[in-house]
Amino acid sequence: MFLDFWRDVESLLRDAMDRCGFVLPETDARINGNELLLETSPHADLASTISFRLAPVLKKNPAKISQELLEAMVLDENSTVDRAEAMGPYLNFYANRRFLESAVLEAEGDGCWTGSMTERVIVEHTSANPNGPLHVGHIRNSVIGDTLVRILRRAGCQVEAQYYVNDMGRQIAIVVWGCGRYPLDDSKPDHAIAKVYIQANKDLAAEPELKVGVDRLMQLYESGDSETAAKFKSAVDYALSGIEDTLRRLNISHDSYRWEGEFVRDGSTAKVFEALESTGLTEWEGGALQLDLSDQGFEKKLVLKRSDGTSLYTTRDLAYHQWKAENSDRMIDVLGADHKLISGQLKAALRLMGVREPEIVIFEFVSLPTGSMSTRKGKFISTDELLDEVEAQAYREVTARRPEEVEEFRRAVAKDVALGAVRYDVVKVSPDKATTFDWKAALDFEKLSAPFIQYSHARACSILDKAGDFGEFDPRLLTGSEEIDLIKKISQFDLAVELAARELKPHLLATYARELAEIFNQFYRSSPVLDAEPGIREARLALVKAARNCLRATLETLGIPALESM
RNA sequence: GGGCGUGUAGCCUAGCCAGGACAAGGCGGCAGCCUCCUAAGCUGUAGAUCAAGGGUUCGAAUCCCUUCACGCCCGCCA
């Protein structure tokens, strides 16, 4: 929809530039695919500041350039552009009625929410160590990752969401070692594992010589000892089952789990050693294999193999990425800020191996008011606890608002409101902003939150429900400013998804969702639907349905339940 | 010490990558709106030397340099 208008404006402006003989200077915008400097604007449907860029080249006043371009524009009969104007140096473009009307028809028909991208994409997210439950820091990874998966699918891509399971790290060996000393209690599996892990760490801190037991387990596992492997598998599976339960509560699932161990057992990690040794940049130091990345700007050498012969996280990750590169067109990793350096080294090593590099989405840390979180120290707020609290708060809210409804309804609404609130709170903030977890903000369901958007959707559903079938409608009757603003915002769904997918910025879609809901609420307040006169009534019902469909598609893409009543 | 990121009204945040039309929202404050499709809503109002300083430019929250503050990293951990 809006992307068609965008393309029409582009060709209109480009033709005008050709006619005038204006040639653009080289700019960074060229590389980023928006060399005409178009943007949505409060002053027009699309605006361009291209005349400012042309001014120094042509040695003319930008306002004069805009005027000349305007005069050189020839509107195509079939275009979606109604008119252009030169507002001083700015060029403003407006969509025509036909565009607006077809946007309503398409959105009302509900078949227009999928884009045209076709790549095969592997998105790796969450990948938390199976040594305890997900805490409120991990959900940033899970929610950003899952929202990206949904956005890319919405854009048309074939996406596989993967969880990279760390079954070989020291933390997991500590879990297995701990399980040999302490029984697992009957709490939720991931929480039970955490208790053993925390106690085992205490023991190790108190008696450092116990560490040899952990080392021994790691060596046995890496060498393929079957009895040890069974212990690891059982502990990891158990922790993962609890993590999966939590993810399910967040409306998140992975298409596949890849275990680090696979890449050792199938020999691909060994091949990584060979490939990197053949670059001549490796050296043995104290029995350990190291890679010199100083040419790539990394001071410290990257250790590939311990002196006891076991592999390290990075090495296995190289093998995993080699596999991903062979099985996708695009690979995306969602990682915490602590992985910045290591992921740079990973990319550098992949470059040396001639393997395509992943796109990495980094998010900054979530801390508690009392400081940073730590699974090892048992200092964290678990995602389960957060969801329980938010759900309890949502239950109080829905009970206060809808006291006449049965408990089953109130429970169900509270669950979906809580899920939405938690996801939206995470996704609305840019990933490169460090945040401090705040109970008060987490339990606040007002305007800048998911319930606001869910509520708009429920309002639309309520109108449609009361109206029943409304038959034929004439979109030409939708001429009020609130109606037109709503139609335009609906039409921009494709733009929001494309930007979010291209730039891997899920918070752009969160912003779009809020704006869409806001504009719908304004329409709702200003424009009676059910009591409108015949003709207007049907047209507005169609617009409500279009908005409902768009809100539902937006919410679904954010992984937030689109409640029909709340 | 070095690297990366962040710093926008009392609080939380968008805008920064591709410099341009009055710096945009939410929370909190103040003032209004439910005999009317769900008030988890709508309207209005007050509140900002865009961390500080310098530079580039016709024009800087946005680009460059310096300083300060905060976060993360600099392990034969992950």
Side-chain angles (χ1 to χ4, degrees), chain A residues 27-35 37 39 41-44 47 49 51-53 55-56 61-62 87-90 92 127-129 131 166 168-172 260 285-290 297-300 303-308 310 312-314 317 336-342 344 362 364-365 367 372 394 397-398 400-402 417 421 428-430 432-436 438 440-441 444-456 458-467 503 507-508 510-511 514-515 517-518 521-522 524-532 540 544 565-566:
Chain A
T27 66
D28 295 334
R30 177 163 301 216
I31 301 157
N32 292 294
N34 185 22
E35 55 178 322
L37 300 170
E39 58 185 8
S41 150
H43 310 282
T49 51
S51 300
F52 286 113
R53 294 283 90 76
N61 179 330
M87 200 65 161
Y90 302 96
N92 288 339
S127 302
N129 287 338
N131 58 353
N166 172 10
M168 298 202 79
R170 179 167 296 276
Q171 283 89 335
I172 304 314
E260 281 192 298
E285 202 176 296
L289 183 66
Q290 310 201 348
F298 295 95
E299 278 181 47
K300 298 274 172 82
V303 177
L304 299 171
K305 195 189 274 195
R306 293 187 184 92
S307 49
D308 68 359
T310 55
L312 284 105
Y313 166 81
T314 318
D317 210 19
D338 53 339
H339 282 68
K340 267 186 245 185
L341 176 65
I342 196 71
I362 295 281
E364 292 290 331
F365 269 42
S367 55
S372 56
E397 297 261 356
V398 68
R401 290 163 210 277
R402 304 290 296 273
V417 163
K428 73 183 179 192
V429 181
S430 169
D432 42 33
K433 205 108 162 180
T435 61
T436 303
D438 176 359
K440 187 174 171 292
D444 178 14
F445 300 144
E446 292 198 44
K447 199 168 182 177
L448 202 57
S449 72
F452 174 79
I453 304 156
Q454 291 171 311
Y455 187 65
S456 298
R459 279 177 149 181
C461 288
S462 170
I463 294 177
L464 293 170
D465 188 47
K466 288 192 165 70
E503 302 189 17
H507 77 276
L508 297 177
T511 302
R514 199 209 81 232
E515 290 169 351
E518 198 162 51
N521 283 336
Q522 284 155 2
Y524 179 92
R525 190 44 72 185
S526 72
S527 319
V529 177
L530 296 175
D531 294 337
R540 284 188 180 160
V544 171
S565 176
M566 61 187 281

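Sequence lines set the chain letters: A, B, ... in the order given, protein chains first and strands last, and positions in each chain run from 1. No experiment lies behind these values; they were computed from the predicted model shown. The figures here come from the full heavy-atom set of this structure, side chains too, leaving out hydrogens, waters and symmetry mates.
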Protein N or O to nucleotides 8-10 of chain B N or O, pairs below 3.5 Å:
none

Report the nucleotide, chosen from [options], that has the shortest atom-to-atom distance to any side-chain atom of [X].
| X | options | answer |
| --- | --- | --- |
| A:V398 | B:C76, B:C72, B:A40 | B:A40 |
| A:R306 | B:C37, B:C76, B:A21 | B:C76 |
| A:S307 | B:C37, B:C76, B:A40 | B:C76 |
| A:R459 | B:A40, B:G25, B:G41 | B:G41 |
| A:Y524 | B:G71, B:C76, B:A39 | B:A39 |
| A:D338 | B:A78, B:C37, B:A14 | B:A78 |
| A:E503 | B:C76, B:C27, B:A18 | B:A18 |
| A:E446 | B:C27, B:A40, B:A39 | B:C27 |
| A:K340 | B:G5, B:C74, B:C72 | B:G5 |
| A:L448 | B:G26, B:G5, B:A40 | B:G26 |

Between [N] and [M], how many Å separate the two [atom1] atoms, rounded to a whole number?
| N | M | atom1 | result |
| --- | --- | --- | --- |
| B:G75 | B:G28 | P | 46 Å |
| B:A48 | B:A24 | C1' | 12 Å |
| B:C4 | B:C12 | P | 26 Å |
| B:A40 | B:C27 | P | 13 Å |
| B:G7 | B:A14 | P | 8 Å |
| B:A31 | B:A69 | C1' | 39 Å |
| B:U8 | B:U49 | P | 11 Å |
| B:G25 | B:U35 | C1' | 34 Å |

Spell out yes or no: do the side chain of A:S462 and the base of B:C37 have one donor N/O and one acceptor N/O closer than 3.5 Å? no
Establish whether the base of B:A78 is bridged to the side chain of A:N131 by a donor-acceptor pair shorter than 3.5 Å. no
Quick one: label [X] by what it contacts on the DNA or RNA (base, sugar-phosphate, nothing), any heavy atom closer than 4.0 Å.
| X | result |
| --- | --- |
| A:S367 | nothing |
| A:R525 | base |
| A:V303 | sugar-phosphate |
| A:L530 | base |
| A:A441 | nothing |
| A:D465 | nothing |
| A:A47 | base |
| A:S51 | nothing |
| A:R402 | base |
| A:L37 | sugar-phosphate |
| A:F452 | sugar-phosphate |
| A:S41 | base |

Which nucleotide, if any, forms a Watson-Crick or G-U wobble pair with [N], using both distances under 3.5 Å?
| N | result |
| --- | --- |
| B:C33 | B:G41 |
| B:A51 | B:U67 |
| B:C58 | B:G20 |
| B:C72 | B:G3 |

Can a salt bridge be assigned to the pair A:R53 and A:E35 using a cut-off of 4.0 Å between side-chain N and carboxylate O? no
Would you classify B:C34 as syn or anti? Syn applies when the glycosidic angle is within 90° of 0. syn
Starting from the 5' end of RNA chain B, give me the residue, A:G286 or A:P89, whose nearest nucleotide shows up first. A:P89
Select from A:N166 and A:N34 the residue whose nearest nucleotide in RNA chain B is closer to the 5' end of that strand. A:N34
Starting at [atom1] of [X], measure out to [atom2] of [Y] and round the result to the nearest 0.5 Å.
| X | Y | atom1 | atom2 | value |
| --- | --- | --- | --- | --- |
| A:I342 | A:T314 | CD1 | OG1 | 3.5 Å |
| A:R540 | A:D531 | CZ | CG | 10.5 Å |
| A:L508 | A:E503 | CG | CD | 6.5 Å |

Can any side-chain N or O of A:S526 pair as donor or acceptor with the backbone N or O of A:Q522 at less than 3.5 Å? yes
[N], OP1 or OP2 - any side-chain N/O from [X] closer than 4.0 Å?
| X | N | value |
| --- | --- | --- |
| A:K447 | B:G26 | yes |
| A:Q522 | B:G41 | no |
| A:H339 | B:C4 | no |
| A:R401 | B:G41 | no |
| A:R53 | B:G19 | yes |

From [atom1] of [X] over to [atom2] of [N], roughly how many Å is that when rounded to an integer?
| X | N | atom1 | atom2 | value |
| --- | --- | --- | --- | --- |
| A:K440 | B:C11 | NZ | C1' | 8 Å |
| A:R170 | B:G75 | CZ | P | 16 Å |
| A:E39 | B:G15 | CD | P | 14 Å |

Side chain proximity check, A:F298 to A:L341, heavy atoms < 4.5 angstrom: yes
Checking side chain to side chain contact (heavy atoms under 4.5 Å, CB included) for the pair A:T435/A:V429: CA distance, chi angles, key distance, verdict? CA-CA 9 Å; A:T435 61; A:V429 181; 4.2 Å; yes
Does A:E364 form a side chain to side chain contact (heavy atoms under 4.5 Å, CB included) with A:K340? I'd like the steps, not just the answer. CA-CA 10 Å; A:E364 292 290 331; A:K340 267 186 245 185; 2.9 Å; yes
If you take all heavy atoms of A:L530 and A:I463, which pair is closest and at what distance? CD2-O, 3.9 Å
Criterion side chain to side chain contact (heavy atoms under 4.5 Å, CB included) on A:M566 and A:Q454, from CA distance to verdict: CA-CA 8 Å; A:M566 61 187 281; A:Q454 291 171 311; 3.8 Å; yes
Partners meeting side chain to side chain donor-acceptor pair (under 3.5 Å) with A:D444 (sequence neighbours left out): none
Run the salt bridge (charged side-chain N to carboxylate O under 4.0 Å, His left out) test against A:E39 and tell me which residues pass, sequence neighbours left out. none
